[in-house]
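Residue indices begin at 1 and follow the sequence shown.
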Amino acid sequence: MTERTESRECTLPDMLMQTGTPSERNPFVSARKQLDEAAAIMQLDPATHELLRWPLRELHVTMPVKMDNGCTKIFHGFRVQYNDARGPNKGGIRFHPDETIDTVRALAAWMTWKTAVMDLPLGGGKGGVICDTKSMSNGELERLSRAYIRQVGRMLGLEKDVPAPDLYTTPQIMAWMADEYSFMQGNNEFGVITGKPLPLGGSAGRGDATARGGICCVREAAGVAGLDLSGQRAAIQGYGNVGSHAHKLAAELLGMRVVGVSDSKGGIYNPEGLDHAAVSAHKQATGSVTGFPGASAVSNEALLELDVAVLFPAALESVITGLNAENIKAKIVAELANGPTTPEADSILHGRGVMLIPDLLCNAGGVTVSYFEMVQNTYGYYWEETEVQRRLEKKMKTAFRNVIDTSRRYSVHNRLGAYIVGAGRVADAMKLRGWV
Ligand code: GLU
């Protein structure tokens, strides 16, 4: 998820270091393991379980793009429609050099359970393009974005599949994509993409929606755990759109002291707390949070193990694994990234009494406001930001309660509780439609 502003979230060496035990290296293996556990608890019949283990459709595309130096470069990408039993597929498009079809499958599965946890009338999908946006000009990025839509456009549509931003894709990229799709259709169809800039039918409040939804969950979790967060320490891994907004809102709405933040180049630490405006300005000016005056350097790995009340993983998948879960000191882990914790780590954290707010819930503010954007596009009438925030808060609180209550009812950890709610609702829809 972690929508990009300007910088990369994690370098390749970071990824190689973080990948845990061999079975934890493939996110789709993790996603299926999580589903299998939930299916056993729910006693899903074998056909329903098997259908939920597979994407319903996927498209692999190859795109020639004219580069600024006159050469044509060939790019590869995917769009996975995991399950649309509850409504059109919904989910972002990632631009990342290490993208794989299995990562996109896992992310599409997580979108399916996520929209169901939030009780949105949507299914789940995800797109990915293998590219390094940092080495591309704006023009190259625009041509690649348009080429991707020309290839996957036939799969998209208001009632079929509605993409959005994700890792290293921006509102500007969504604007190019909505424009290309509109030309293919012969009329403006901006609603087919969410996370658009405001003048093209974007929603107020979409920019910080993922972080705001996560902060709302942390507040609810602290209430359940009987923790007073004001003045307590927090750390954030990842400083793209989501991580940076989380820094601002953790201070503003929870009164927390954010003592550590990191990006692809490394992290910074100051036990007195880091000022959001100053760190953002430093990142804007230098391209990274590293080297921020008055803070000491900390690695991405060490940042996860800082002595804090709340840890926000807001970068890539599989960073909390069987290898480091014992060392996490946070009382609450709020997953703003998709899939940052592997199943091995889930069991360890649960055993140690860490309150984990799973991605399916914690980062669902983004897709929830994307859904509000779809509704407003259909209406042709736009809400004030305060109205969007009020509706988001209501949705987040209801979903949080539902997940916590379900986890307690089944005596399972919160991720399994979220799966039971989400996958359970998808299974119910498939039954009603007569698929199983
Ligand atoms: N990319 C975000 C996510 O992973 C948002 C998806 C959307 O808005 O459709 O949840």
Side-chain angles (χ1 to χ4, degrees), residues 1-10 92 94 114 164-174 194-198 202-221 229 234-264 267-268 273-284 287-289 292 303 308 310-316 332-338 340 357 359 361-370 372-373 385-386 388-393 395-396:
M1 46 118 268
T2 48
E3 293 127 41
R4 149 192 138 133
T5 40
E6 276 312 312
S7 67
R8 298 194 54 185
E9 299 280 352
C10 200
R94 309 194 340 155
K114 191 189 302 185
D166 203 288
L167 202 66
Y168 300 120
T169 49
T170 58
Q172 174 61 73
I173 290 176
M174 297 306 110
T194 61
K196 301 178 293 289
L198 288 181
S203 174
R206 179 64 183 84
D208 72 3
T210 306
R212 186 172 289 274
I215 294 290
C216 177
C217 289
V218 170
R219 197 197 296 117
E220 297 300 300
L229 292 180
I236 304 170
Q237 188 193 46
Y239 215 72
N241 177 43
V242 177
S244 162
H245 277 123
H247 184 175
K248 181 163 187 274
L249 296 177
E252 247 173 52
L253 302 179
L254 302 175
M256 295 198 78
R257 196 155 33 104
V258 177
V259 296
V261 301
S262 69
D263 61 24
S264 63
I268 52 173
L274 297 160
D275 178 60
H276 171 260
V279 175
S280 292
H282 177 78
K283 171 135 185 158
Q284 190 75 26
S288 173
V289 297
F292 180 69
L303 180 121
V308 292
V310 182
L311 172 66
F312 294 93
L316 286 175
I332 297 176
V333 174
E335 293 188 327
L336 291 174
N338 285 313
I357 312 169
D359 48 3
L361 172 67
C362 194
N363 71 31
V367 72
T368 301
V369 176
S370 272
F372 294 161
E373 184 174 332
E385 187 166 9
T386 47
V388 172
Q389 289 170 354
R390 188 187 65 77
R391 289 177 188 263
L392 171 63
E393 178 123 356
K395 274 279 189 200
M396 295 305 308

Would you call [X] and [Y] a side-chain contact if the rule is heavy atoms closer than 4.5 Å?
X      : Y      : result
Cys362 : Leu336 : yes
Leu253 : Arg212 : yes
Asp359 : Pro340 : yes
Gln172 : Pro197 : no
Val258 : Phe312 : no
Ile268 : Leu274 : yes

Can you measure from [atom1] ([X]) to [atom2] ([Y]) and round to the nearest 0.5 angstrom?
X      : Y      : atom1 : atom2 : result
Thr368 : Glu393 : OG1   : CD    : 12.5 Å
Lys395 : Cys216 : NZ    : SG    : 13.0 Å
Glu220 : Ile332 : CD    : CD1   : 11.0 Å
Asn241 : Thr210 : CG    : OG1   : 7.0 Å
Cys217 : Ile357 : SG    : CD1   : 5.5 Å
Arg219 : Leu229 : CZ    : CG    : 10.0 Å

*Would you kindly say whether Thr169 and Arg94 are connected by a side-chain donor-acceptor distance under 3.5 Å?*
no
Taking side chain to side chain donor-acceptor pair (under 3.5 Å) as the definition, give me every residue that meets it alongside [X], ordered by chain and number, with sequence neighbours left out.
X      : value
Arg391 : Glu387
Ser280 : His276
Glu252 : Lys248

Check for a donor-acceptor pair, side chain of [X] on one end and backbone N or O of [Y] on the other, with a separation under 3.5 Å.
X      : Y      : answer
Glu335 : Asn363 : no
Arg257 : Ala234 : no
His247 : Tyr239 : no

Closest approach of [X] and [Y], non-hydrogen atoms and distance?
X      : Y      : value
Leu392 : Gly365 : CD1-CA, 3.7 Å
Ala314 : Gly243 : CB-CA, 4.0 Å
Thr194 : Glu373 : CA-OE2, 3.2 Å
Ala211 : Ala246 : CB-N, 3.5 Å
Gly287 : Asp263 : O-OD2, 4.3 Å
Met174 : Gly195 : CG-O, 3.6 Å

